[in-house]
Amino acid sequence: MNENIVKPFKIRRFASPYIFDKLAAKLVPIFFVVSIVLAVVGLIVGFLIAPADVVQGNYYRMMFLHVPASWMAMLIYIVMAFWSAVYLVWRTRVSSILAQALAPTGAWMAFLSLITGAIWGKPTWGAYWVWDARLTSMLLLLFLYIAYLALTNSIENERRASQAGALLAIVGVVNVPIIYFSVVWWNTLHQGASISFKSGVTMHETMFWALICMTISAWTYCIAMALWRARLRLRVLGFINPEFRKM
């Protein structure tokens with residue numbers, strides 16, 4: 001077979017700023033549209049169609065915002081640590097840019113998780129905040145995001161900023177399993193998972209599908225924002241010519 005006709009797929013070619021930029025330009029609007037559509041469906045089903053909870057009444061509906069935000073806050077930091085490790089090993093600049101592009105969205109998700117949790121916690125626990133293991137570790141995650149952003153933006157040399165940020169991301173990732181397993185390891189006020197491999201789904205089917213829609217919506221939103229911010233940073237750093245318009 002002619003090698004000029006069929007070229008082997010090489011994932012490393014996406015380390016090229018131009019190739020990555022062209023791919024991201026196509027994916028950003030798709031992910032944004034999917035996110036908006038699923039958010040509308042999820043909010044309608046979750047807040048208007050799903051039945052009230054037997055114990056918490058309608059207060060539980062904050063779950064449709066709180067749970068996806070919490071999951072994304074943890075997942076984004078793991079992905080940040082992954083791209084940071086890739087950068088330290090292969091020194092691909094796109095990897096570092098992706099990690100830095102993810103951080104603001106991760107910080108926003110961690111903040112949203114804490115705020116919605118506080119609103120949900122007031123009628124449930126009688127207080128906006130308690131020094132619960134999961135709440136405290138999520139607050140620490142927010143501080144890690146803020147520290148990462150402050151560190152990478154305070155160092156003028158781009159390479160040194162990338163290296164310092166990568167080390168912080170990798171070290172800080174140990175906090176993610178602490179957040180996830182905190183309700184198992186310690187006796188906390190925070191309720192356990194309603195969806196797990198061990199116990200399956202312990203919620204009404206309508207609630208479950210509303211939560212799935214909101215989760216995928218949050219996921220696609222985070223991807224779109226990260227790709228959009230990465231494209232912007234490529235231009236700020238001079239990797240992409242501002243007049244480059246091929247998509």
Side-chain angles (χ1 to χ4, degrees), residues 10-36 39 68-69 71-113 141-173 175-176 216-247:
K10 295 181 179 180
I11 194 169
R12 289 187 64 183
R13 68 193 181 95
F14 292 105
S16 165
Y18 280 99
I19 294 177
F20 170 82
D21 185 73
K22 290 173 66 175
L23 177 63
K26 297 176 182 178
L27 294 179
V28 167
I30 296 174
F31 282 117
F32 267 130
V33 170
V34 172
S35 176
I36 293 171
W71 285 346
M72 289 303 106
M74 292 185 287
L75 179 60
I76 288 174
Y77 203 94
I78 293 174
V79 177
M80 275 178 55
F82 168 78
W83 286 121
S84 296
V86 171
Y87 171 74
L88 291 178
V89 174
W90 286 288
R91 299 293 176 177
T92 51
R93 307 303 285 276
V94 171
S95 302
S96 174
I97 289 171
L98 275 172
Q100 295 178 35
L102 284 162
T105 304
W108 164 241
M109 288 293 152
F111 176 77
L112 186 61
S113 171
L141 182 64
L142 175 59
F143 289 157
L144 284 169
Y145 276 121
I146 295 173
Y148 178 91
L149 289 169
L151 180 63
T152 54
N153 285 285
S154 64
I155 302 175
E156 294 185 2
N157 184 282
E158 196 270 332
R159 286 185 180 273
R160 291 183 179 178
S162 297
Q163 291 173 0
L167 291 173
L168 177 59
I170 293 171
V171 172
V173 77
N175 184 54
V176 175
I216 299 176
S217 173
W219 194 1
T220 50
Y221 164 79
C222 292
I223 294 173
M225 287 300 299
L227 293 177
W228 174 81
R229 198 175 287 110
R231 294 190 71 211
L232 180 62
R233 187 155 183 80
L234 283 172
R235 283 154 176 76
V236 171
L237 295 175
F239 290 104
I240 299 294
N241 191 316
E243 296 180 358
F244 181 70
R245 290 293 181 268
K246 292 183 180 181
M247 299 299 183

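We count residues from 1, following the sequence as given.
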Tightest non-hydrogen contact, residues Leu102 and Ala226, listed as CD2-CB, 3.5 Å
Whether over 12 other heavy atoms sit under 6.0 Å from Arg160 CZ:
no
As a quick check of understanding, evaluate side chain to side chain contact (heavy atoms under 4.5 Å, CB included) for Met74 and Trp71, giving each step before the final call.
CA-CA 5 Å; Met74 292 185 287; Trp71 285 346; 4.0 Å; yes
Between CG on residue Leu227 and CD1 on residue Ile30, distance to nearest 0.5 Å
10.5 Å
Ignoring hydrogens, what is the shortest heavy-atom contact between Ser95 and Val86? Give both atom names and the distance.
OG-CG1, 3.2 Å
Leu144 CG to Leu149 CG distance, which is reported to the nearest 0.5 Å
11.0 Å
If only atom types and distance count, is the side chain of Arg235 paired as donor or acceptor with the main-chain N or O of Arg231 below 3.5 Å?
yes
By the side chain to side chain donor-acceptor pair (under 3.5 Å) test, which pairs, at least two apart or in different chains, include something from residues 142-154?
none
Closest non-hydrogen atom pair, Tyr87 against Ala166
CD2-CB, 4.5 Å
How far does CZ of Arg229 sit from CZ of Arg233, to the nearest 0.5 angstrom?
11.0 Å
Measure the spacing between CH2 of Trp108 and OG1 of Thr105 and express it to the nearest 0.5 Å.
10.5 Å
Rounded to the nearest 0.5 Å, how far does CZ of Phe32 lie from OH of Tyr221?
7.0 Å
Minimum heavy-atom distance between Leu98 and Ala230, given as atom pair plus value
CD2-CB, 4.2 Å
Above 12 or not: heavy atoms from other molecules or residues under 6.0 Å from CZ of Phe111?
no
For a quick test of reading the model, state the closest non-hydrogen atom pair linking Ile155 to Ala164 and the distance between them.
CD1-CB, 3.9 Å
Can you tell me how far OG1 of Thr92 sits from CZ of Phe20, rounded to the nearest 0.5 angstrom?
11.0 Å
Under 3.5 Å, is there a donor-acceptor pair between the Ser162 and Gln100 side chains?
yes
Please report the shortest heavy-atom distance between Trp228 and Val28, naming the atom on each side.
N-CG2, 3.8 Å
Between Ser35 and Ser217, is there a donor-acceptor pair closer than 3.5 Å when you use the side chain of the first and the backbone of the second?
yes
With Ser84 as partner, the option from Leu167, Val89, Ile170 fulfilling side-chain contact (heavy atoms from CB on, under 4.5 Å) is Ile170
Measure from the side-chain N and O atoms of Ser113 to the backbone N and O of Met109, and report whether any donor-acceptor pair falls under 3.5 Å.
no
